[in-house]
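Report on the following structure.
Positions are given from 1, in the same order as the sequence printed here. Just so you know, these numbers come straight off a predicted model, no measurement behind them.
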Amino acid sequence: TLNILENDRIRPLGDPRTHAALVCAATSCPPLMAVPYFGPKIDEQLDAQCRLWVNDSQRNRVEDGKLLLSEIFKWYGVDFEVEPYGGVVGFVKTYATPGSDLASFLDSNPDPEIEWLTYDWTLNRASANTVDSNRSGQ
């Protein structure tokens, strides 16, 4: 099953970047890459997906002096404890855009208070106009 692939095969590889790549298509999931992952470029692609995910203010942000993060970081926190990240905060700091509010906050708050954003499990759908325009071109 997909659950077995994720939890018994992929997560044990020890690369938390996979959480930015393996998505269930819920609204709160990291964005889905528009092209397939490609062996020789996988590190570059995973890093790019992590930057998109971490810097998406709908999924992760600073608000009222707190770090508000996706519940993915809570559910799979142990996965982010590997080097070079050392934990969720280290992972987020690694991929936060330099100079952004998120990066600046983490630079001055090495052990921030974290609140988890409620996960939106509704299906992340393309708009009706996008679907219709795609069908008309077939």
Side-chain angles (χ1 to χ4, degrees):
T1 66
L2 293 176
N3 188 54
I4 290 172
L5 283 173
E6 176 185 5
N7 293 302
D8 295 349
R9 302 292 170 97
I10 297 172
R11 285 184 58 217
L13 295 174
D15 189 343
R17 298 177 303 166
T18 59
H19 291 289
L22 297 176
V23 301
C24 68
T27 298
S28 288
C29 282
L32 184 61
M33 194 167 76
V35 297
Y37 288 94
F38 180 59
K41 290 186 160 205
I42 196 142
D43 282 319
E44 177 184 325
Q45 290 174 312
L46 288 171
D47 285 341
Q49 283 306 107
C50 289
R51 282 189 293 278
L52 283 174
W53 176 35
V54 163
N55 292 288
D56 182 338
S57 63
Q58 295 301 311
R59 294 171 174 96
N60 306 289
R61 64 182 172 275
V62 174
E63 197 171 284
D64 299 325
K66 298 176 200 158
L67 187 59
L68 278 61
L69 296 178
S70 166
E71 281 188 303
I72 291 173
F73 291 111
K74 177 182 175 185
W75 300 328
Y76 300 104
V78 68
D79 292 1
F80 297 93
E81 292 176 4
V82 299
E83 291 301 324
Y85 313 112
V88 167
V89 172
F91 183 89
V92 172
K93 188 172 181 175
T94 297
Y95 292 104
T97 301
S100 68
D101 289 342
L102 186 58
S104 298
F105 177 79
L106 291 174
D107 284 342
S108 60
N109 294 283
D111 189 22
E113 180 180 346
I114 299 173
E115 284 189 12
W116 309 109
L117 295 168
T118 302
Y119 210 78
D120 183 350
W121 287 100
T122 58
L123 183 60
N124 186 1
R125 297 175 166 240
S127 70
N129 291 337
T130 303
V131 172
D132 290 342
S133 67
N134 287 337
R135 287 184 184 152
S136 65
Q138 291 180 350

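Under the 4.5 Å side-chain heavy-atom criterion for grouping Ile, Leu, Val, Met, Phe, Trp and Tyr, W121 is connected to W53 within one hydrophobic cluster. Put simply, L67 and W116 are part of the same group of oily side chains (I, L, V, M, F, W, Y) that touch within less than 4.5 Å, one to the next. Residue V78 is not grouped with residue I10 when hydrophobic side chains (ILVMFWY) are merged at heavy-atom distances under 4.5 angstrom, including chains of intermediate members. Cluster annotation: V88 and Y76 are assigned to the same hydrophobic cluster (Ile/Leu/Val/Met/Phe/Trp/Tyr, side-chain heavy-atom contacts under 4.5 Å, transitive). Linking ILVMFWY side-chain heavy atoms closer than 4.5 Å, directly or via other members, places F91 and V82 in a single hydrophobic cluster.
Screening residues 82-100 for salt bridge (Lys or Arg N to Asp or Glu O under 4.0 Å), with sequence neighbours left out, gives K93-D107. For residues 48-58, the salt bridge (Lys or Arg N to Asp or Glu O under 4.0 Å) pairs, not counting sequence neighbours, are D56-R59.
Grouping Ile, Leu, Val, Met, Phe, Trp and Tyr by side-chain contacts under 4.5 Å, direct or through others, puts L46 with M33, V35, Y37, I42. The hydrophobic cluster containing L5 also includes L2, under a criterion of side-chain heavy atoms closer than 4.5 Å among ILVMFWY residues, counted directly or through chains of members.
Around the CG atom of D64, the shell of radius 6.0 Å holds no more than 12 heavy atoms that belong to other residues, nucleotides or ligands.
Among residues two or more places apart in sequence or in another chain, the side-chain contact (heavy atoms from CB on, under 4.5 Å) test is passed with D101 by none. Qualifying side-chain contact (heavy atoms from CB on, under 4.5 Å) partners for D43, counting only residues two or more places apart in sequence or in other chains: R17. For Y95, the side chain to side chain donor-acceptor pair (under 3.5 Å) partners two or more places apart in sequence, or in a different chain, are D47, Y85. Residues passing the side-chain contact (heavy atoms from CB on, under 4.5 Å) test with T1, sequence neighbours excluded: N3, I4. For E81, there are no side chain to side chain donor-acceptor pair (under 3.5 Å) partners two or more places apart in sequence or in a different chain. In terms of the side-chain contact (heavy atoms from CB on, under 4.5 Å) criterion, residue partners of T122 (sequence neighbours excluded) are, by chain and number, T27, D120.
A distance-only check finds no donor-acceptor pair linking the side chain of Q58 to the backbone of S28 [under 3.5 Å]. No donor-acceptor distance shorter than 3.5 angstrom exists from the side chain of S100 to the backbone of A96, with no hydrogens or angles considered. In terms of modelled atom types and a separation under 3.5 Å, the side chain of Q45 and the main chain of P36 share a donor-acceptor contact.
Side chains of V92 and L102 form a contact here, defined as non-hydrogen atoms less than 4.5 Å apart.
Contact detail for V89 and L106: the closest heavy-atom pair is CG1-CD2, 3.9 Å.
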Please output the side-chain donor-acceptor pairs of residues 68-75 that fall under 3.5 Å, not counting sequence neighbours, one pair per line with the distance.
unit_1	atom_1	unit_2	atom_2	d
S70	OG	I72	N	3.1
E71	OE1	Y119	N	3.1

What pairs of donor and acceptor atoms, side-chain ones from residues 18-26 against any protein atom, are under 3.5 angstrom apart with sequence neighbours left out?
unit_1	atom_1	unit_2	atom_2	d
T18	OG1	D15	O	3.0
H19	NE2	D79	OD2	2.7

